[in-house]
Trainee: 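Have a look at the structure that comes next, please.
All values below were derived from every heavy atom in this structure, side-chain atoms included, with hydrogens, water molecules and symmetry-related copies excluded.
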Amino acid sequence: MIQVNGVSIDEAALADELPRHDGQRDPVKSASHELVFRELLRQRALSLGIHETDTEVLTQAVLDAEVITPEPDASACLRYYELHKNQFVYNDSIEVWHILFQLTPRIDAKRLRTYAGDILNTLYQAGPDAFADYARQYSNCPSSAKGGALGIVLRGDTLPEFEKAVFAMAPHTLLNRLVDTRHGFHIVRTGDKQEGSVMPFESVHARIADWLSQSSRRRATSQYLQLLAGQANIKGLDIEGADSPLLQ
């Protein structure tokens, strides 16, 4: 049983939290950490005089009171823009074909990935001209009827993880690895590729500022939770903590 400053977290609470962590590498550990941090925040709220029964409202109230992050200035936003201009390209496009090995709750992900990898290896040996036949035979996407063709893809048209992979590819290329997305595993081939234009800094300044602010907030929140854990008496779970003050 896990205890946080003498307060027990029972098996029933863990069992209730566990389904929310199915996608994690270690669902039990992830759920346990979540419950510990939730209890730490509840205890901290009481010490701050915050009385709230809604967990999300309570958490936000504590973080608003204790975690202060500076807003990024124009120079920080400009530095980010200069280093990541590829993130602000528009009107670029790429022709894409794919073979989807769909992941469902009843399918073992490791076995499916191994199976998809084996198909990719044989396709590499057969050559890109065999792609359409392989797509018709193996793909779980409706595009299989068209040999896996997704057509001309623009940025923002597909899942971020899929987009990142395909736009990093050279034109007329069969990728030598699988692309993992929330839908499963993809074998990907590209055709023609058209380079786009970089959006001016002025048009993306607000977006960058918001992203940097959120990123800073996430880091500060993580540090704050580690500080609470480092100052607490936690039994039944090894959890990383810090005993030094929170650094902004």
Trainee: Could you go through the side-chain contact (heavy atoms from CB on, under 4.5 Å) check for Q3 and V7 one step at a time?
Mentor: CA-CA 5 Å; Q3 288 190 331; V7 177; over 6 Å; no

Trainee: Which atoms form the tightest heavy-atom contact between A135 and S144, and what is the distance?
Mentor: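 For A135 versus S144, the nearest heavy atoms are O-CB, 3.3 Å.
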
Trainee: Do L100 and F131 share a hydrophobic cluster, counting only Ile, Leu, Val, Met, Phe, Trp and Tyr and linking them when any side-chain heavy atoms are less than 4.5 Å apart?
Mentor: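 Result: no, two separate clusters.
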
Trainee: Using modelled atom types only, decide if a donor and an acceptor are shared between the side chain of S216 and the backbone of S213 within a distance under 3.5 Å.
Mentor: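 Checked: no pair found.
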
Trainee: Counting distance only, does the side-chain N/O of N5 pair as donor-acceptor with the main-chain N or O of N233 below 3.5 Å?
Mentor: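 Yes; at least one donor-acceptor contact below 3.5 Å.
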
Trainee: Taking the side chain as C-beta and beyond, is there a heavy-atom pair between Y81 and V198 under 4.5 Å?
Mentor: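 A side-chain contact exists here, since the closest heavy-atom pair is under 4.5 Å.
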
Trainee: If you measure from CD1 on I94 to CG on D192, what distance do you get to the nearest 0.5 Å?
Mentor: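 The distance works out to 9.5 Å.
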
Trainee: Do I2 and S32 have side chains that approach each other closer than 4.5 Å (heavy atoms only, starting at C-beta)?
Mentor: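 With C-beta onward as the side chain, the pair touches.
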
Trainee: Is it the case that the side chain of S139 and the backbone of C141 share a donor-acceptor pair, with hydrogens and angles ignored and the cut-off at 3.5 Å?
Mentor: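 Present.
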
Trainee: With no hydrogens and no angle check, do the side chains of E56 and Q60 hold a donor and an acceptor under 3.5 Å apart?
Mentor: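 Their side chains do not contain a donor-acceptor pair, so the 3.5 Å distance test is not met.
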
Trainee: Indicate if I119 and V96 have the same hydrophobic cluster label, given that clusters are the connected sets of ILVMFWY residues with side-chain heavy-atom separations under 4.5 angstrom.
Mentor: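 No, I119 and V96 fall in different hydrophobic clusters.
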
Trainee: Please work out whether the ring planes of H98 and H186 are parallel, tilted or perpendicular, with thresholds of 30° and 60°.
Mentor: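 Because their plane-to-plane angle is under 30°, the rings of H98 and H186 count as parallel.
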
Trainee: So, are R79 and E82 salt-bridged, with charged N and O less than 4.0 Å apart?
Mentor: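 A salt bridge is absent here (no side-chain N lies under 4.0 Å from a carboxylate O).
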
Trainee: Would you indicate whether the side-chain heavy atoms of Y90 and R155 approach each other to under 4.5 Å?
Mentor: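 R155 vs Y90: side chains apart.
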
Trainee: Let me confirm one number: the OG1-CG distance from T122 to L120, rounded to the nearest 0.5 Å.
Mentor: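 Going from the OG1 atom of T122 to the CG atom of L120 covers 8.0 Å.
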
Trainee: Quick one: does Q102's side chain get under 4.5 Å of T104's, heavy atoms only?
Mentor: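 Yes - at least one pair of side-chain heavy atoms lies under 4.5 Å apart.
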
Trainee: Is there a side-chain contact between H21 and E34 (heavy atoms, below 4.5 Å)?
Mentor: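 When only atoms from C-beta onward are counted, E34 and H21 do touch, with a gap below 4.5 Å.
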
Trainee: Taking the side chain from S47 and the backbone from R44, do they hold a donor-acceptor pair closer than 3.5 Å?
Mentor: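 Yes, the answer is positive, given that a donor and an acceptor are paired below the 3.5 Å cut-off.
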
Trainee: Quick one, W97 with T190, criterion side-chain contact (heavy atoms from CB on, under 4.5 Å). Give me CA distance, side-chain angles, the key distance, then yes/no.
Mentor: CA-CA 6 Å; W97 291 260; T190 59; 5.9 Å; no

Trainee: Give, for atom CG of L175 and atom CE of M169, the distance between the pair rounded to the nearest 0.5 Å.
Mentor: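 Between L175 CG and M169 CE, I get 4.5 Å after rounding to 0.5 Å.
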
Trainee: Not counting sequence neighbours, list each pair that qualifies as a salt bridge (charged side-chain N to carboxylate O under 4.0 Å, His left out) and has a residue in residues 95-124.
Mentor: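 Non-adjacent pairs meeting salt bridge (charged side-chain N to carboxylate O under 4.0 Å, His left out): R113-D180.
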
Trainee: Going through the distances and angles, do R217 and D64 end up as a salt bridge (Lys or Arg N to Asp or Glu O under 4.0 Å)?
Mentor: CA-CA 10 Å; R217 177 79 170 182; D64 287 345; 3.0 Å; yes

Trainee: Flag the pair Q223 / T221 as yes when at least one side-chain heavy-atom distance between them is below 4.5 Å, and no otherwise.
Mentor: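 No - every pair of side-chain heavy atoms lies 4.5 Å or more apart.
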
Trainee: Begin from the C-alpha positions of S215 and R219 and carry the test side-chain hydrogen bond (donor to acceptor under 3.5 Å, both in side chains) through to its verdict.
Mentor: CA-CA 6 Å; S215 180; R219 286 195 303 271; 2.9 Å; yes

Trainee: Going from OG on S75 to OH on Y80, what distance comes out if it is rounded to the nearest 0.5 angstrom?
Mentor: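 Between atom OG of S75 and atom OH of Y80 there are 15.5 Å.
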
Trainee: Run R207 and F88 through side-chain contact (heavy atoms from CB on, under 4.5 Å) and show every step you take.
Mentor: CA-CA 10 Å; R207 188 199 310 178; F88 307 106; 3.9 Å; yes

Trainee: With heavy-atom distances below 4.5 Å as the criterion, would you say the side chains of F162 and V188 are in contact?
Mentor: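 Side chain of F162 against side chain of V188, heavy atoms only: contact under 4.5 Å found.
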
Trainee: Using a 3.5 Å distance criterion without hydrogens, assess whether the side chain of S203 forms a donor-acceptor pair with backbone atoms of M199.
Mentor: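 The answer is no, because no donor-acceptor pair under 3.5 Å joins these two groups.
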
Trainee: Quick one: pull up OG in S30 and CD in E17 and give me the separation to the nearest 0.5 Å.
Mentor: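 If I round to the nearest 0.5 Å, the distance is 8.0 Å.
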
Trainee: Just wondering, do T59 and V57 contact through their side chains at under 4.5 Å, heavy atoms?
Mentor: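 No, side chains not in contact.
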
Trainee: Given 3.5 Å as the limit, does a donor-acceptor pair link the side chain of N121 with the main chain of G117, or not?
Mentor: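 Side chain of N121 to backbone of G117, a donor-acceptor pair under 3.5 Å: yes, one is there.
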
Trainee: Rounded to the nearest 0.5 Å, what separates atom CG in L227 from atom CD in E66?
Mentor: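 Going from the CG atom of L227 to the CD atom of E66 covers 9.0 Å.
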
Trainee: Take L103 and H183 through the test side-chain contact (heavy atoms from CB on, under 4.5 Å) and record every step on the way to the result.
Mentor: CA-CA 6 Å; L103 188 60; H183 295 312; over 6 Å; no

Trainee: Fit a plane to each ring of Y134 and Y138, take the angle between them on a 0 to 90° scale, and name the class: parallel (under 30°), tilted (30 to 60°) or perpendicular (over 60°).
Mentor: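 Geometry flag for Y138 against Y134: tilted rings.
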
Trainee: Within the distance-only criterion (no hydrogens, no angle test), does the side chain of K29 pair as donor or acceptor with the backbone N or O of L237 below 3.5 angstrom?
Mentor: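 No; judged by distance alone, with no hydrogens or angles, the pair does not exist.
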
Trainee: Decide whether F37 and L18 are clustered together by the hydrophobic rule: side chain heavy atoms of Ile, Leu, Val, Met, Phe, Trp, Tyr closer than 4.5 Å, transitively.
Mentor: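 Yes, F37 connects to L18 through the hydrophobic network.
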
Trainee: Answer yes if the ring centres of F185 and F101 are under 6.0 angstrom apart, and no otherwise.
Mentor: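 For F185 and F101, the ring centres are not under 6.0 Å apart.
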
Trainee: Do the side-chain N and O atoms of D10 and S8 include a donor-acceptor pair separated by under 3.5 angstrom?
Mentor: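 No, no side-chain donor-acceptor pair sits under 3.5 Å.
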
Trainee: Do any N or O atoms from the side chain of H205 and from the backbone of F201 form a donor-acceptor pair under 3.5 angstrom?
Mentor: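 Side chain of H205 to backbone of F201: no pair is present.
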
Trainee: Is F167 linked to V204 within one hydrophobic cluster, defined over Ile, Leu, Val, Met, Phe, Trp and Tyr using a side-chain heavy-atom separation of less than 4.5 Å?
Mentor: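 F167 and V204: separate clusters.
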
Trainee: Which residue pairs pass the ring-ring contact (aromatic ring centres under 6.0 Å, His included) test with at least one member in residues 53-78, sequence neighbours excluded?
Mentor: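 Matches after skipping sequence neighbours: none remain.
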
Trainee: Shared ILVMFWY cluster between V67 and I50, side chains joined below 4.5 angstrom?
Mentor: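 Yes; I50 is reachable from V67 via cluster members.
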
Trainee: Checking Y124 side chain against L174 main chain: does a donor-acceptor pair fall under 3.5 Å?
Mentor: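 Pair found, side chain donor or acceptor close to backbone of L174.
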
Trainee: Counting N and O atoms only, with roles assigned by atom type, does the side chain of E161 sit under 3.5 Å from a partner on the main chain of R182, one being a donor and the other an acceptor?
Mentor: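 Confirmed, E161 side chain pairs with R182 backbone.
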
Trainee: Looking at L212 and P72, what are the two nearest heavy atoms and their distance?
Mentor: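 So the two residues come closest at CB-CG, 3.9 Å.
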
